[in-house]
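Below, chains carry the letters A, B, ... as their sequence lines are ordered, and counting in each starts from 1. Atom set for the values below is all heavy atoms of this structure, side chains included, hydrogens, waters and symmetry mates excluded.
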2 protein chains.
Amino acid sequence: MISKKTKYAINALVYLARQHQQGPVLISQIAREQHIPQKFLEAILLDLKNAGILNSKKGRGGGYYLIKKPEEVNMAEVMRLFDGAIALLPCVTHRYYERCEECVDEASCGIRDVFQEVRNETVNILKRSTLSEIISREEQMKQR
Amino acid sequence: MISKKTKYAINALVYLARQHQQGPVLISQIAREQHIPQKFLEAILLDLKNAGILNSKKGRGGGYYLIKKPEEVNMAEVMRLFDGAIALLPCVTHRYYERCEECVDEASCGIRDVFQEVRNETVNILKRSTLSEIISREEQMKQR
DNA sequence: TAAAAGTCTATAGAATTAATAGAGTTATGT
DNA sequence: ACATAACTCTATTAATTCTATAGACTTTTA
């Protein structure tokens, strides 16, 4: 399961992507409308800003806004930022690789092979799932 | 990430499947050869027995052995047994369904739609990954 | 009938996740 | 200039889950 942090992050991003290029949005507004604890959300938005996805403006009339294009922000990136590796085994990730302590022979491990496949397929799906993709799917679903 | 419990379970199952129909295997032997803490393994094997995958024989010459055919035990089943749902979101599972508390409108949720896809693809892969499938892949990898 | 082997209950330590509190800093509009 | 709105940072805590261990008990069989 993904963490609440990731889920909150995605929801906030979709919310902000919907008002792309309409100026900064208050943290308090995002928190209220997306049902996210405000203090928790502050930390999340800050991480997204440090990752170069959002930017913020201080003072009166300030808030957070998207700086990447909605079609350039994908779910794999967001998940990695908050939950780390996407793979289900430490020995099948590129960036967070770690050997399984109990492993007898990694090179011929059939389990590893299976989860390698799961990881690849999952990353493929998550990479093509961008904010704009999500929003356009939502519009389609609403129309029916 | 999957839990160590699931990982240990899979390793123990593959180990037992390799000696299918050759009589009971000692817990202590599985623990030693697969590098699994023995007491922890005992609990795992018991769960697998209660799930109808293994059976045990007590007393001298006893131990655990596979009662399902190796081609009938798949990774989806094992993962669900120890880690619960395979899906990454509570709202996209069949057996463990739960609404996301913070969700504004589930019916038109684009995030849900994405993770639905991930879940379906993952379950497909895990279901076709049986013990015999894993073992035959391992044989292939060893030959090279 | 003793030893080998599985079964069961309880507990504890470690790690992670989720959430909150509060002080501090910065930018803005008037 | 300056009050205010808003973001930033550090600590702390509560809750949950995961991993592992201990020990007593029961069953089976040579």
* To do: Kindly point out which of C:dG6, D:dA5, D:dT19 is positioned nearest to the side chain of B:Tyr64?
  => C:dG6
* To do: Select one nucleotide: of C:dA4, D:dT8, D:dA20, the one nearest the side-chain heavy atoms of B:Tyr8.
  => D:dA20
* How would you label the contact of A:Lys7 with the nucleic acid (heavy atoms, under 4.0 Å): base, sugar-phosphate, or nothing? -> nothing
* Contact class for B:Leu45 (heavy atom, under 4.0 Å): base, sugar-phosphate, or nothing? -> nothing
* Would you call A:Glu133 and A:Arg128 a salt bridge, using N to O less than 4.0 angstrom? -> no
* Between A:Gln38 and A:Ala31, is there a donor-acceptor pair closer than 3.5 Å when you use the side chain of the first and the backbone of the second? -> no
* **Donor-acceptor contact below 3.5 Å, side chain A:Asp83 vs main chain A:Ser3** => yes
* Does anything in residues 34-43 of chain B reach DNA chain C, meaning a heavy atom under 4.0 Å, and if so which residues? -> B:Lys39, B:Glu42
* 5'-most contact on DNA chain C: A:Gly59 or A:Ser3, nearest heavy atom basis? -> A:Ser3
* Asked: Within this structure, what is the CG-to-P distance between B:Asp47 and D:dC18, rounded to whole angstrom?
  -> 13 Å
* Structure fact -> Result for 5'-nearest mapping on DNA chain D, choosing between B:Phe82 and B:Lys57, is B:Phe82
* Pick one: which of B:Leu26, B:Leu46, B:Leu48, B:Asn55 meets side chain to side chain contact (heavy atoms under 4.5 Å, CB included) with B:Tyr64? -> B:Leu46
* Asked: What's the shortest heavy-atom distance between B:Ala76 and B:Lys127, and which atoms?
  -> CB-CG, 3.9 Å
